[in-house]
Amino acid sequence: MIKLLIIADDFTGALDTGVQFAKEGIRTGVGMEFDEKLLRDSGEDSVLVIDAETRPMTPAQAYERVVGIVENATAAGIRYVFKKTDSALRGNIGCELSAVLNAGGEKILSYVPAFPKIGRTTVDGIHYIDGIPVNESVFGKDPFEPVSDANIKNIIGSQSDIRVLSLPKEQEEYYEVLASDGACIAVYDAKTDEEMYQIGAKLKAENRLGLMAGCAGFASQLPGLLCLKGHQENHISKRKSMIVISGSLNPITENQIKFARSSGFQRITLNVESMMQNEYWNTEEGRRKLEDLAAASKENSMLIIDTFSRRYEDSIHTVQTENTHENPRFRIAALLGEMTDLLLEKGISDTHALVMTGGDTVMGFMKRHPGLALTPVCEIGQGAVLSYLNRDKEILPLITKSGGFGEDDIFLTIAGQLLLEK
């Protein structure tokens with residue numbers, strides 16, 4: 001049966017956490033629902049990652065969604081539950097941690113938000129991005145979920161009434177406080193992988209690994225801490241070409257695309273304003289644009305299609321609605337998902353590897369394939385995860401990357417790993 005359940009708030013987060021186990025040979029599946037069939041079919045020491053897709057939800061919606069998943073996990077006898085949070089603290093963190101604790105049947109949830117390998121550290125309860133408080137970094141200006149505070153206790157407290165303790169590296173004196181009556185979310189400082197492992201070892205010795213939270217950084221420590229054993233062999237299936245579909249508006253991704261363009265990638269920026277019309281890909285303009293994109297994908301072994309547009313970014317701030325059919329953020333993600341499917345149908349699935357950046361972009365594609373699960377394989381560069389999607393009896397290599405992850409040369413790194421030598 002499944003030994004560990006991971007609950008993520010978007011698809012790129014689900015994959016960059018799941019791959020921490022898959023790369024160790026541990027059987028790992030990523031999907032959108034808690035499926036009893038997965039429990040019956042899984043082997044020993046399996047890991048199930050669920051994308052709860054709570055990032056864009058209201059706090060109340062996110063709470064109910066996570067509670068339902070944890071209750072199913074508890075009923076199924078899953079021993080360990082890990083709530084994956086964004087490494088830059090975006091999303092409904094407070095209410096989702098509360099949901100895990102309230103539904104999980106324990107008094108303490110241990111939260112280790114650091115990811116030192118990519119510059120995310122926590123010191124005295126303050127979260128930093130490359131040494132800068134997260135709210136003063138590029139994530140403080142995120143077009144979708146700007147982070148307004150670097151104090152983790154404040155972030156959680158804005159959505160939860162549960163007691164929060166911010167614990168320094170040397171936290172032994174807090175044990176009696178943790179063990180006292182009442183629910184508690186314990187937030188741990190960490191600046192290195194070694195410090196995260198020491199925290200995990202201490203939690204294991206105290207039998208407090210039942211309910212955990214963090215990002216892919218702390219998750220990477222769990223195979224050893226939970227004694228998970230894996231036997232699967234992973235391999236990279238190379239292709240002649242790669243196509244990058246980017247719906248991210250993160251400045252980090254924009255810099256990566258500019259670097260790729262200067263390094264030989266062809267770049268096409270879509271006219272987002274035109275795409276907002278109904279049934280765009282069925283219009284004359286849309287069909288013509290699709291033919292141009294298909295031709296470009298066949299003529300260029302390294303192609304990027306992106307949506308960077310000042311008007312698009314402005315519309316995100318001016319149009320505030322939960323209706324996904326009206327919200328530009330979700331309409332564009334859905335259109336990118338449809339575009340990707342149409343390009344695959346035009347014959348690029350046999351020759352191309354598909355790269356997608358931004359959780360909404362990946363979700364726009366995955367929603368067109370309900371019931372399918374991705375199998376993460378390995379990391380290709382910082383924050384870039386290779387998975388295989390069984391699509392219409394075809395195995396499609398899919399590389400996903402969060403908009404805020406990766407060095408400037410990430411797309412060049414991916415190309416070096418995925419493309420056949422000419």
Side-chain angles (χ1 to χ4, degrees), residues 6-21 30 49 51-56 62 82-94 96-97 100 109-123 125-156 166 185 187-193 195-197 199-200 212-222 248 250-253 256 357-360 362 376 379 381-385 400-407 410:
I6 298 170
I7 307 170
D9 65 358
D10 73 355
F11 225 103
T12 54
L15 289 168
D16 70 55
T17 306
V19 77
Q20 307 303 322
F21 303 88
V30 179
V49 187
D51 169 28
E53 202 57 21
T54 51
R55 180 79 66 86
F82 182 90
K83 179 65 191 74
K84 192 274 179 187
T85 61
D86 180 61
S87 66
L89 305 182
R90 294 170 296 179
N92 293 300
I93 290 178
E96 293 186 25
L97 296 184
V100 173
L109 182 146
S110 303
Y111 183 28
V112 187
F115 198 166
K117 284 183 179 178
I118 60 170
R120 275 68 159 164
T121 57
T122 310
V123 181
I126 304 299
H127 202 59
Y128 294 87
I129 307 292
D130 295 325
I132 301 171
V134 62
N135 60 316
E136 298 175 16
S137 74
V138 295
F139 296 98
K141 299 178 182 178
D142 186 278
F144 298 140
E145 299 102 8
V147 181
S148 60
D149 199 328
N151 186 306
I152 298 174
K153 187 173 182 178
N154 291 345
I155 291 173
I156 296 173
S166 181
I185 297 172
V187 181
Y188 289 85
D189 285 358
K191 294 188 292 183
T192 66
D193 282 356
E195 288 179 3
M196 286 196 300
Y197 185 82
I199 292 168
M212 303 168 283
C215 62
F218 189 47
S220 69
Q221 305 293 326
L222 296 183
S248 171
N250 194 299
I252 292 174
T253 295
Q256 292 165 347
T357 68
D360 293 334
V362 180
E379 288 179 295
Q382 188 186 84
V385 178
T400 55
K401 185 191 76 68
S402 171
F405 277 12
E407 303 293 342
I410 184 63

* In sequence, state the C-alpha distance, the side-chain angles, and the governing distance for Ile156 and Tyr111, and then conclude on side-chain contact (heavy atoms from CB on, under 4.5 Å). => CA-CA 11 Å; Ile156 296 173; Tyr111 183 28; 4.1 Å; yes
* To do: Apply salt bridge (Lys or Arg N to Asp or Glu O under 4.0 Å) to Arg55 and Asp360, showing your working.
  => CA-CA 9 Å; Arg55 180 79 66 86; Asp360 293 334; over 6 Å; no
Are [X] and [Y] packed together at the side-chain level, in the sense that at least one heavy-atom pair is separated by less than 4.5 angstrom?
| X | Y | value |
| --- | --- | --- |
| Tyr128 | Val134 | no |
| Val187 | Lys153 | no |
| Arg120 | Ser87 | yes |
| Ile152 | Ser166 | no |
| Ile129 | Phe115 | no |
| Lys191 | Pro116 | no |
| Met212 | Leu222 | yes |
| Phe21 | Ile6 | yes |

From [atom1] ([X]) to [atom2] ([Y]), nearest 0.5 Å:
| X | Y | atom1 | atom2 | result |
| --- | --- | --- | --- | --- |
| Lys117 | Gln382 | NZ | CD | 10.5 Å |
| Ile185 | Leu109 | CD1 | CG | 6.0 Å |
| Thr85 | Ile7 | OG1 | CD1 | 12.0 Å |
| Leu89 | Ile155 | CG | CD1 | 4.5 Å |
| Ser110 | Ile199 | OG | CD1 | 9.5 Å |
| Phe11 | Asp16 | CZ | CG | 12.0 Å |

* Under-4.0 Å salt bridge between Arg90 and Asp142 ->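 Here Arg90 pairs with Asp142 in a salt bridge, since their nearest N and O are under 4.0 Å apart.
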Quick one: does any side-chain atom of [X] pair with a main-chain N or O of [Y] as donor and acceptor, under 3.5 Å?
| X | Y | value |
| --- | --- | --- |
| Thr122 | Gly125 | no |
| Asp51 | Val30 | no |
| Gln256 | Phe405 | yes |
| Thr17 | Ala14 | no |

* Can you name the residues that form a side chain to side chain donor-acceptor pair (under 3.5 Å) with Asn250, not counting sequence neighbours? ->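 Asn250 satisfies side chain to side chain donor-acceptor pair (under 3.5 Å) with no other residue.
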* **Residues in side chain to side chain donor-acceptor pair (under 3.5 Å) contact with Asp149, at least two apart in sequence or another chain** =>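 Only Asn154 meet the side chain to side chain donor-acceptor pair (under 3.5 Å) criterion with Asp149.
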Shortest non-hydrogen separation from [X] to [Y] and the atoms involved:
| X | Y | result |
| --- | --- | --- |
| Asn92 | Ala62 | ND2-CB, 3.7 Å |
| Ala88 | Val147 | O-CG2, 3.3 Å |
| Ala114 | Cys215 | O-SG, 3.4 Å |
| Ser248 | Gly403 | OG-CA, 3.5 Å |

* **side-chain contact (heavy atoms from CB on, under 4.5 Å) assessment of Thr253 paired with Lys401** => CA-CA 9 Å; Thr253 295; Lys401 185 191 76 68; 3.5 Å; yes
* To do: Please test Asp9 against Glu53 for side-chain contact (heavy atoms from CB on, under 4.5 Å), starting from the C-alpha separation and ending with a verdict.
  => CA-CA 5 Å; Asp9 65 358; Glu53 202 57 21; over 6 Å; no
* Begin with the C-alpha distance, continue with both residues' side-chain angles, and end with the deciding distance and a verdict on side-chain contact (heavy atoms from CB on, under 4.5 Å) for Asn135 and Ser148. => CA-CA 5 Å; Asn135 60 316; Ser148 60; 5.6 Å; no
* To do: Can you sort out the partners of Ala384 under side-chain contact (heavy atoms from CB on, under 4.5 Å), two or more places apart, ordered by chain and number?
  =>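 Partners of Ala384 by the side-chain contact (heavy atoms from CB on, under 4.5 Å) criterion, ordered by chain and then number, come out as Ile399, Ile410, Ile414.
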